[in-house]
Asks: 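Dropping a structure here in structure tokens format, bear with me for questions.
When reading the values below, keep in mind they use all heavy atoms of this one structure, side chains included, and skip hydrogens, waters and symmetry mates.
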Amino acid sequence: MTAFRTAAILVAAGSGTRAGGSVPKQYALLGGKPLLAYAHHALSSHPKIGAVLTVIGEGQEALLEAALGTTPFVTGGATRRESVRNGLEALLAGGFTHVLIHDAARPFLPARVIDDLLTSLDAEGGAIPALPVADTLVRGEGARIGDTVPRDDLYRVQTPQAFSFDAILDAHRRWPAEQEATDDAQMLRAFGGQVALVPGDQMLEKITHPADFAAAETRLAAAMRVRTATGYDVHRFAEGEALWLGGVRIPHSKGLWGHSDADVALHAITDALLGTIGAGDIGMHFPPSDPQWRGAASARFLEHAASLVAAEGGILDFIDVTLICEAPKIGPHREAIRASIAAILGLDPGQVSVKATTTERLGFTGRGEGMAAQAVATVRVPARN
């Protein structure tokens, strides 16, 4: 394939009213993650896409940040066409030669589709994914059916649609303001551009109505695999140290000693998360020999592990942590620890379990010399063919 610089525009500016819910559908949760996060990850993680720009509706900045964190965006217009135009104009200075335009309402975007689109752009000014129409088509005559419509050469068009950047920008600039287009490929063809067809994918079905979320959950479950991993950590008690457990400072006569803040609970959870994606252990990512981690808050370690899981397309479902010690008593602090862990990981507190036990005064924890924690993380990750 010829080398070119490719950007992607993720169109997420609609109100999504037909899908119901308290927020626009692109921010509604699907499998525990905002809908637009799936398509954004598919685009941003593809090795041939150099930049992803999200187009949002006016006043949706806080929703976008909650869904994706800090990410490039531009505010859209009153119609989809205007929103795409705003995105194209914002990308103009980037020197991109090609662009993919994708609807956030199509969350599951196979890498194969992106590859096929970009390959077709070697020969054409545009390319779109499409599926042949399989159902019988008829015209309606009131409440009765009319003539059958031949379905030969009929296709259902999907996104992303891929284009030569200059060609699609020119088409948007020349398009009559009083006329709306059903998609960007139509606009390119109106001014003489050629658009190739590549095989679409059933996973690219669009979410429009409330029932579509249930269907999407089914597709998501079929495309994911459950992984479970454990973590274990130990720290000794020391005079003059603060005791941090699960990101909460616990009143106690002694604290735990370690190179960081020695939060034994967060360290165990971090190792469990890293284990779900085969990413080693906490010491590989944050070596005790590195002075930059001296006294560091262990929440940073856990956030890093969670970001690696997210980068793999993973969904964190549940965390279970058991604290092993004779003292302090964990019961009075259980809910605060649970809420803290949930907040660090962006989970509902109901997805976090915090338990405690003793060793009946046996071993180093029984003698009050230190504390241990073991954790179990359950995640879903995309199935690999």
Asks: Would you say that more than 12 heavy atoms from the other residues, nucleotides or ligands in this model lie under 6.0 Å from the CG of D348, or not?
Replies: yes

Asks: Please give me the minimum heavy-atom distance between G246 and D263, naming the atom from each residue.
Replies: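 That would be N-OD1, 2.9 Å.
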
Asks: Side-chain heavy atoms nearer than 4.5 Å, only ILVMFWY residues, links allowed to pass through others: does that put L109 and L118 together?
Replies: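 Yes, same cluster.
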
Asks: Kindly check if the number of other-residue, nucleotide or ligand heavy atoms within 6.0 Å of CD1 (I145) is above 12?
Replies: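 No.
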
Asks: Anything under 30° is parallel, anything over 60° is perpendicular, the rest tilted; go ahead and classify H252 against F237.
Replies: tilted

Asks: Grab the two heavy atoms, one from P160 and one from H102, that are nearest each other, plus how far apart they are.
Replies: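 Nearest pair, atom of P160 first, then H102: N-ND1, 3.1 Å.
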
Asks: Does atom CD of Q292 have more than 12 heavy-atom neighbours, drawn from other residues, nucleotides or ligands, at distances under 6.0 Å?
Replies: yes

Asks: Would you check if L345 and Q351 make a side-chain contact, meaning some heavy-atom pair closer than 4.5 Å?
Replies: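 Sidechains of Q351 and L345: no contact.
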
Asks: Would you call R156 and E205 a salt bridge, using N to O less than 4.0 angstrom?
Replies: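 The answer is yes: the pair qualifies as a salt bridge.
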
Asks: Among the clusters formed by ILVMFWY side chains lying less than 4.5 Å apart, do V264 and F301 turn up in the same one?
Replies: no

Asks: Return the minimal non-hydrogen interatomic distance between D320 and S353, and the atom names on each side.
Replies: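 Nearest heavy atoms, D320 then S353: OD1-OG, 2.8 Å.
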
Asks: Sequence neighbours excluded, which residues qualify as side chain to side chain donor-acceptor pair (under 3.5 Å) partners of H259?
Replies: none

Asks: Just verifying a value: how many Å separate L204 CG and Q158 CD, rounded to the nearest 0.5 Å?
Replies: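 It comes to 4.5 Å.
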
Asks: Quick check: do P129 and V198 have side-chain heavy atoms less than 4.5 Å from each other?
Replies: yes

Asks: Is there a side chain to side chain contact (heavy atoms under 4.5 Å, CB included) between R139 and V149? Walk through the geometry before answering.
Replies: CA-CA 7 Å; R139 298 189 186 280; V149 178; 3.7 Å; yes

Asks: If we count only N and O atoms by modelled type, under 3.5 Å, do the side chains of H285 and T270 hold a donor and an acceptor together?
Replies: no

Asks: Ignoring hydrogens and geometry, is there a side-chain-to-backbone donor-acceptor pair from T97 to R5 under 3.5 Å?
Replies: yes

Asks: Return the CZ to CE distance between R236 and M371, rounded to the nearest 0.5 Å.
Replies: 14.5 Å

Asks: Give me the other members of the hydrophobic cluster that L91 sits in, counting Ile, Leu, Val, Met, Phe, Trp and Tyr linked by side-chain heavy atoms under 4.5 Å, directly or via other members.
Replies: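 Members other than L91 - counting any ILVMFWY side chain reachable under 4.5 Å - are I9, V11, L53, V55, V74, V84, L88, L92, F96, V99, I101, I128, Y155, V157, F163, F165, I168, L169, L188, V195, L197.
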
Asks: I need the Q202 CD to L131 CG distance, nearest 0.5 Å.
Replies: 5.0 Å

Asks: Are the side chains of P349 and E335 in contact, using a 4.5 Å heavy-atom criterion?
Replies: no

Asks: Less than 4.5 Å apart, side chain to side chain, heavy atoms only: is that true for K48 and T6?
Replies: no

Asks: When hydrophobic residues are tied together by side-chain contacts of less than 4.5 Å, even through go-betweens, does I344 share a cluster with V354?
Replies: yes

Asks: List the residues meeting side chain to side chain donor-acceptor pair (under 3.5 Å) with D103, not counting sequence neighbours, and say none if there are none.
Replies: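 In terms of side chain to side chain donor-acceptor pair (under 3.5 Å), with neighbours along the sequence ignored, D103 is linked to R80.
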
Asks: Rounded to the nearest 0.5 Å, what's the gap from CG on L302 to CG on L273? Could you check?
Replies: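 CG of L273 is found 6.0 Å from CG of L302.
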
Asks: What heavy-atom pair brings A181 and M187 nearest, and what distance separates the two atoms?
Replies: CB-CG, 3.5 Å

Asks: Given side chains that start at C-beta, do those of V248 and L245 come closer than 4.5 Å, heavy atoms only?
Replies: no

Asks: Checking T359 side chain against G366 main chain: does a donor-acceptor pair fall under 3.5 Å?
Replies: yes

Asks: Work out which heavy atom in P24 is nearest to a heavy atom in G14; give both atom names and the distance.
Replies: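 Closest heavy-atom pair between P24 and G14: CB-O, 3.8 Å.
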
Asks: To the nearest 0.5 Å, what is the distance between CD on Q26 and CG on L35?
Replies: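 Going from the CD atom of Q26 to the CG atom of L35 covers 7.5 Å.
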
Asks: Does K206 pair with D212 as a salt bridge, N-O distance under 4.0 Å?
Replies: no

Asks: Charged N to carboxylate O under 4.0 angstrom, R85 versus E82?
Replies: no

Asks: Just wondering, more than 12 heavy atoms not from K329 lying within 6.0 Å of its NZ?
Replies: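 It does not: K329 NZ has 12 such atoms or fewer within range.
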
Asks: Considering residues, nucleotides and ligands other than D290, do more than 12 of their heavy atoms fall under 6.0 Å from its CG?
Replies: yes

Asks: Run the ring pair (Phe, Tyr, Trp, His ring centres under 6.0 Å) test against F108 and tell me which residues pass, sequence neighbours left out.
Replies: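 Listed in chain order: Y38.
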
Asks: Are L308 and F286 connected, step by step, through hydrophobic side chains (Ile, Leu, Val, Met, Phe, Trp, Tyr) whose heavy atoms are closer than 4.5 Å?
Replies: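 No: no chain of side-chain contacts under 4.5 Å links L308 to F286.
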
Asks: Please assess H267 against S260 for the test side chain to side chain donor-acceptor pair (under 3.5 Å), listing each intermediate value before the final yes or no.
Replies: CA-CA 10 Å; H267 291 185; S260 63; 3.3 Å; yes

Asks: Please check if atom CD in E217 has more than 12 non-hydrogen atoms from other residues, nucleotides or ligands closer than 6.0 Å.
Replies: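 Buried by this count: over 12 neighbours within 6.0 Å.
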
Asks: Please round to the nearest 0.5 Å and tell me the distance separating atom CZ of R249 and atom NE2 of H333.
Replies: 12.5 Å

Asks: With clusters defined by side-chain heavy atoms of hydrophobic residues (ILVMFWY) lying less than 4.5 Å apart, directly or transitively, does L323 cluster with L266?
Replies: yes

Asks: Using side chain to side chain contact (heavy atoms under 4.5 Å, CB included), reason through L243 and L256 one step at a time and then give a plain yes or no.
Replies: CA-CA 6 Å; L243 177 58; L256 294 173; 3.6 Å; yes

Asks: Got more than 12 heavy atoms from elsewhere within 6.0 Å of CZ, R189?
Replies: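 No, the 6.0 Å shell around CZ holds no more than 12 heavy atoms from other groups.
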
Asks: Go through it in stages, so that I can follow the logic: the residues are T75 and E61, the test is side chain to side chain contact (heavy atoms under 4.5 Å, CB included), and I'd like the CA-CA distance, side-chain angles, deciding distance and then a yes or no.
Replies: CA-CA 9 Å; T75 302; E61 292 84 356; 4.2 Å; yes

Asks: Just so I know, are the side chains of I207 and P107 near enough to count as touching, which here means a heavy-atom distance under 4.5 Å?
Replies: yes

Asks: Using every non-hydrogen atom in the two residues, find where V352 and R338 come nearest and quote the distance to one decimal.
Replies: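 Between these two residues, the closest heavy atoms are O-NE, 2.7 Å.
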
Asks: Quick one: list whatever passes side chain to side chain donor-acceptor pair (under 3.5 Å) with R174, sequence neighbours left out.
Replies: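 Result, side chain to side chain donor-acceptor pair (under 3.5 Å) vs R174: D170.
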
Asks: Linking Ile, Leu, Val, Met, Phe, Trp and Tyr through side-chain heavy atoms less than 4.5 Å apart, which residues share a cluster with V234?
Replies: Y232, F364

Asks: Where do E241 and D261 land on the side chain to side chain contact (heavy atoms under 4.5 Å, CB included) test, with the steps shown first?
Replies: CA-CA 9 Å; E241 299 287 341; D261 65 6; over 6 Å; no

Asks: With V321, which of I337, V376, I269 fulfils side-chain contact (heavy atoms from CB on, under 4.5 Å)?
Replies: I269

Asks: Compare all side-chain heavy atoms of P34 with those of L29 and state whether any distance is below 4.5 angstrom.
Replies: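 They are in contact (side-chain heavy atoms under 4.5 Å apart), so the answer is yes.
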
